[in-house]
Amino acid sequence: MSAVHRPLSDWVARLVPPRPDTAMPTLDVINDGAERSDARAFPMFESGWVRRSVTVADRGGRVHAALALCDPETHSTIVELDGYGVPLPVTEAGLDLVDSIERSWPTVKLSDGELAVLGSEAPELRFLLLSRLAREGHPPARLYHVLPWSLVDDLARAAMTRLGGGVAPDPTPPRHLLTPALPGVTGPLEQLHQGLVDLDRELARAGATAFCTGLGEAELARIPPSTVTTLAELLEMLSRFNPLLRHRAAVVVDRLIAADVRHREFTLDLDPGLPAAASAGGPEGRHHTESARDDSPLAVSATVTAGGRLTVVVEVAIKAGKRRDELLDSYRTAFYPITIDSTERRDRYWVPLVGRSHSLAGVLELRAPRQRFQVHAEGLPVGVWELGRVDAQDLLPSLRAADNAGAEIWQGLANRLPADHPIALARSALDN
Amino acid sequence: LLPTRRPDGPVLPGDVVADGVVRGFAYVPTSSPDEANDRLLVEGDEVLAEPPARAVPDSAAAVRQSGLLPPEKLPTERIHRAAEIDSTLPGRVSRMLARPDGAWSRVAVPLIEQLEHRGHLVWMTGGAVRDLVGGEDGKVVNDLDLTGTAPPGRFTATARTVLRRNGFAEFREKVSPDSLVCSTAPSGGGRRLFEYRPLMLTGFRFPASGGDLGEDAYNRDFTINSLYYDARRDIVIDPTGRALTDVTAVPRQLVSVNETGDPVQLAHIVIRGIKFVLRWNDTVVVEPLRISDEPPRPGWLQRIHADDWPKLVAAYRRSTNGFTSDTHDAAARSLGAVAVELLDELRRWGS
């Protein structure tokens, strides 16, 4: 016997045989009292255990056919628990599959029929199985399709209904269940939906922003095609409501539907040597400019002078008016993220966008890197809410590089926000 | 200085409902817990083998509100303004709660605010308060431990809303039906955002909450871990009346006032005592271990059931991991004969 069968869950409990006053076996305490420990790493599971299912009563008196491990020598039985101390339910077919998967661990080859069986087991069991497989091996992408994707579909459709002005019953939240396949997406989706339910524009906007960011980094093969379609549909809908999302959402949607996204990439390649080689003008007059725009409202340009100054201008074409005011309310101030990448360093900046009659625009002014460098404008605009989660030290370069209009915005926010907000702390650090 | 009870707030122990005087709350686990998992306990339920089916009313508006908030049950000299203990303490606590590298930093304050909004009281406790009140900078704090009046189901439902609104819906929540500890951590494992255990209530045949601060404090391992910090009001509560002295003493004192008569629980306290002595080395002075001013009765080790020894051995190994065996002996000797006796027995079972 080898370490073939170990718990899927970090919580287990010993099975206590029925006493004269109990008809059913019961459970001992979680992890022998070590609740903070991870049962999967307990030395006792190094060898000798076999899979079985047991009928057991939980602490609420409900009876479960639960996933368990048994030591044939000692007849000790360990029941696997979910995060609430409830036995993990399993069917006989599901038990056979877990047993079989563990025998070839971490290599998994399942037929379509076996995948269907696994897909009908309890969501927490599927989550725990995929979590451990993902940590200890490289499961094939289609294995992730057994996760409870209908929860994501239902939540995305409910969000679309709310965005369209309708009312949908609150769907069952996916919580942590999809994270082995799709981290960073369902949490923001829940946040977006909650914002729509509560009519909280900032919450919904922040959720939409994080949803777009997360989806842009997702491993698409792990998501069933029908869910990809639903998520792309939601993202397109969000970008119709929020022009600040439009460029990035289009890139992500292109990626979701396997289109070529290179033509949309806003990466500007600059060589500080080029302006110096130009013949006319003084050190600041000789310059080299690169710019990018697409069919979204976003345009970005970067200019480097022979004197070594770099100016980055971000402009989003949105006319002044009530809709723009409402949109900006959801950011409190919108900041466009810019990354400057050179062999010397990689720096992140947030450029505050200032309202003009036909656009929102922001300017970054700083010393250019000495070697060839890139200006990346591939991120998503964020608001005060997100900057509240950034270390004040990381905001300092943005404050230093702000033009006059930007500096006024930073100062105004620092005056209005609590003294311990990173923007206020960074503004204060700038003075010191 | 003290919070006051809201008429539309939650039911408190001491209130009177149709079935009798409220004693506290039980919890029945399911795989999606919320307020419906909490059960109301009244006087007389102490004899029940399982929690009753009695639901907890949504608010105390329709009950006779004769219960008191936990701080109201304490003598006023056990309640201190944090700034009067140390003028820098409130600032250090708020900086600790907002520490960018603290796992809890994005949720601690909104969680505390939301629990208070729903009429519950919540306090920081454990190592964080011990270290901060002891004069340490908040940077030494590794975990955020909370306690309060909200039963597990209500706490979990509230925390879930806060986590969702703050972008942490993907984190995995847990509720232990054994300890009633509620926690949330990254789904793939990692540092917990927080750990909450409702105020402990003893005297029932199943885990229960809704006790007062004194009962909770006397059930903790050592006085230094029995301070409570109200982060909304910057108040320090010392229910035993000696924790502040023991924490601020140089070197600090390791004293247990746990009143347990359970030898297994006593053994766990001794093991934790060994852990603290090992960890703090010469920064701690210990009294010979005694429980509630009484040394454990002779033969207490023989009252520990054979099934419990493997768990105690595992706890001992976790607590002393990384320290050499001879240092264990020295730590046990500093705790007195009770610890030396236990260590010998742990080694015998461990081998």
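To find a chain, count down the sequence lines: A is the first, B the second, and so on, and within it residues start at 1. Bear in mind that the values here come from a model prediction, so they are computed numbers and not experimental data.
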Tell me, for [X] versus chain B, whether the close heavy atoms (under 4.5 Å) come from the side chain, the backbone, both or neither.
| X | answer |
| --- | --- |
| R135(A) | side chain |
| F127(A) | side chain |
| S37(A) | side chain |
| N31(A) | neither |
| V86(A) | side chain |

Chain B contacts: which residues in residues 179-189 of chain A have a non-hydrogen atom closer than 4.5 Å to it?
T179(A), L182(A), P183(A), G184(A), V185(A), T186(A), G187(A), P188(A)
Is any side-chain heavy atom of [X] closer than 4.5 Å to a side-chain heavy atom of [Y]?
| X | Y | answer |
| --- | --- | --- |
| R389(A) | R106(B) | yes |
| S176(B) | W11(A) | yes |
| R95(B) | D420(A) | no |
| Q191(A) | F168(B) | no |

How long is the straight-line distance from CD of Q194(A) back to OG1 of T161(B), given to the nearest 0.5 Å?
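If I round to the nearest 0.5 Å, the distance is 6.5 Å.
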Return the OH to OG1 distance between Y84(A) and T156(B), rounded to the nearest 0.5 Å.
7.0 Å
Pair up each side-chain donor or acceptor in residues 261-271 of chain B with any protein partner under 3.5 Å, not counting sequence neighbours, and list the distances.
| residue | atom | partner | partner atom | Å |
| --- | --- | --- | --- | --- |
| D262(B) | OD1 | V264(B) | N | 2.9 |
| Q265(B) | OE1 | T260(B) | OG1 | 3.1 |

Decide, yes or no, whether a salt bridge links [X] with [Y] under the criterion of side-chain N to carboxylate O below 4.0 Å.
| X | Y | result |
| --- | --- | --- |
| E190(A) | R165(B) | no |
| R14(A) | D307(B) | no |
| R164(B) | D198(A) | no |
| D10(A) | R172(B) | yes |

Please list, in residue-number order, every residue in residues 24-31 of chain B that has a heavy atom less than 4.5 Å from any heavy atom of chain A; write 'none' if there are none.
V28(B), P29(B), T30(B), S31(B)
Residues in residues 183-193 of chain B near chain A [non-hydrogen atoms, under 4.5 Å]:
S187(B), G188(B), R192(B)
Could you tell me which of D391(A), D38(A), V29(A), L192(A) has the largest number of non-hydrogen atom pairs under 4.5 Å with chain B?
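Among the listed options, the one with the most contacts to chain B is V29(A).
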Among A34(A), A13(A), S131(A), G33(A), who wins on heavy-atom pairs under 4.5 Å with chain B?
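Greatest number of close heavy-atom pairs with chain B: A34(A).
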So for [X], is it side chain, backbone, both, or neither that comes closer than 4.5 Å to the heavy atoms of chain A?
| X | value |
| --- | --- |
| S179(B) | both |
| N166(B) | both |
| R160(B) | side chain |
| E195(B) | side chain |

Specify the closest pair of heavy atoms between I30(A) and D178(B), including all atoms of both residues, with the distance to one decimal.
N-OD2, 2.7 Å
Between E170(B) (side chain) and R175(A) (backbone), is there a donor-acceptor pair under 3.5 Å?
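Checked: no pair found.
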Backbone of K311(B) reached by a side-chain donor or acceptor of D32(A) within 3.5 Å:
no
